[in-house]
Amino acid sequence: MTLNIEYCKNIVSQDSELIGAACRVPYYPLVIKSGKGALIKDVDGNEYIDMLSSAAATNIGHSHPKVVEAIVQQAKEIIHYTPVYTYHESLVKLAKELVEITPGNFKKKVIFGLAGSDSNDGMIKLSRAYTGRSKIISFVGAYHGSTYGSISLSAISLNMRRKIGPLVPDIHHINYPHCYRCKFGKKKENCNLECLKELEDQFKNYLPPEEVAAVIMEPIEGDNGLIVPPLKYVKKLYNLCRENGILFAVDEVQQGFGRTGKWFGIENFGVEPDIIVIGKSIASGMPLSAIVARKEIMEVLEPPAHAFTTMANPICCQAALATINVIKEDNLLEHSKNLGEYVKQRFNTMKDKYPLIGDVRGIGLSIGVDLVKDRNTKERAKEAAAKICYSCWEKGVLLTFFANNVLRVQPPLVITKDQIDKALDAIESSIKEYLNGDIPDEVLKIAKGW
Ligand SMILES: Cc1ncc(COP(=O)(O)O)c(C=O)c1O
């Protein structure tokens, strides 16, 4: 199928003239016009099934009528008055909901922000202030955002970190447990959590645990290819933190808000974090983030150590309250879990047919499909990923890849069975086209990914 994208191309060329390259990761020249549920239309009128949810920021689908209504009502009353100096009811209501739906049967408090990035910065400040320790442990392959603090926590791209130093000091990275690409050559049957020994060794030799404020972990390492850690790893790491007075913080910006079939990804691992960072889907794409932490942690920082003029904007808070209601009323946690199982099953059937698929992993509707040149070497098949995503776009399916080779399958949780089937059929047909050599190399100039 050839798309008519004349107007799209025109906008993209103007954009290239005007917009700084540092904020773009191109896959295809899609210029969005409108969206409903799991469908997106571009400015030329082409329609696409969305398998990306605006980078997991629109879990209840695009422009959900209840969210639109909440936004319009609030905008008519007042757009914003800073909660740094005043109070508003929707902020309090939303904080109550967040305290309720986040794991942890203890007293919690909330601080709002504008994006996942700034709330991760807040997590660093709170952990350091509460423990009186400076060191933070994060993971290789983690993505926590683009502010100085969160970029310092991240370790996924040299481009992100070069030319801008010095970064926030005393942040240390350890390997994320990656069973499919286990650095210790172990299989599930003979794994003794060798990967966690790395941290235990550091604690013995050069990283004094009593100087570590927090470990920050993504419950699934999202942008590094949707890597699901073993349950026993998360539990043991959590206990190690407990034994050493280290806070256990989770970044739920991508995996939260129903994506994994639970409100928060960490609930799949049965541990209760001290600090939870939330963003993206909390307000269905409106700029809002939140830190939810134990009350005693929240009380150590004095004002105005973490305040933003436009934080907890009432329109965003109302959008978030509506989003939470939709997830509850429409049983989207259940839907995500069930549909996620179905999608994994379909990809596993493809895996039986195409050696290009090395691994299918994920929880709920947060699924990664790891494409490899060779199943033994597990060499990443970047070209295949780029070509397949581009070809899917031409077929009306928005699919992206990350970690060079992993197809990112994170559709809105409201996607219907019929839509997901159409999208999966398009992916399979693009895989076949790729294997037949039918997708031209020119595509690689456009679909760069990261
Ligand atoms: C796990 C995770 N944390 C933090 C962020 C940063 O969030 P934002 O882009 O809203 O600042 C992202 C964004 O992709 C993310 O995936």
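Everything numeric here is computed off the predicted structure, so don't read it as measured data. Every number for a ligand or one of its atoms is a count from 1 in the order of the listing.
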Does the distance from a Lys or Arg side-chain N to an Asp or Glu carboxylate O, for [X] and [Y], drop under 4.0 Å?
| X | Y | result |
| --- | --- | --- |
| Lys33 | Asp42 | no |
| Lys66 | Glu329 | yes |
| Asp359 | Arg181 | no |
| Glu211 | Lys135 | yes |
| Glu341 | Lys337 | no |

Check your understanding: With atoms numbered from 1 as shown, which atoms in ligand 1 lie under 4.0 angstrom from a non-hydrogen atom of Ala115?
Key -> 10 (O), 11 (O)
Practice item. Just jot down the ligand 1 atoms closer than 4.0 angstrom to any heavy atom of Gly145, in number order. Key: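 In order of number, 6 (C).
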Quick test: of every protein heavy atom, which one is nearest to [atom], and how far off is it to 0.1 Å?
| atom | value |
| --- | --- |
| atom 11 (O) of ligand 1 | Ser117 OG, 2.5 Å |
| atom 2 (C) of ligand 1 | Tyr143 O, 3.2 Å |
| atom 5 (C) of ligand 1 | Val253 CG1, 3.7 Å |
| atom 13 (C) of ligand 1 | Lys280 NZ, 3.0 Å |
| atom 8 (P) of ligand 1 | Gly116 N, 3.6 Å |
| atom 3 (N) of ligand 1 | Asp251 OD2, 2.6 Å |

Exercise for review: Determine whether more than 12 heavy atoms belonging to other residues, nucleotides or ligands lie under 6.0 Å from atom NZ of Lys382.
Suggested key: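 Counting neighbours around NZ of Lys382, more than 12 heavy atoms of other residues, nucleotides or ligands fall under 6.0 Å, so yes.
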Exercise for review: Of the side chain and backbone of Thr147, name the one, both, or neither that has a heavy atom under 4.0 Å from an atom of ligand 1.
Suggested key: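 Thr147 to ligand 1: no contact under 4.0 Å from either part.
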Practice item. Counting heavy atoms only, name the option from Glu218, Gln255, Gln254, His144 that's nearest to atom 4 (C) of ligand 1. Key: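 Selected option, by shortest heavy-atom distance: His144.
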**Study point:** Residue of the set Lys235, Arg242, Lys236 for which side-chain hydrogen bond (donor to acceptor under 3.5 Å, both in side chains) holds with Tyr238
**Key:** Arg242
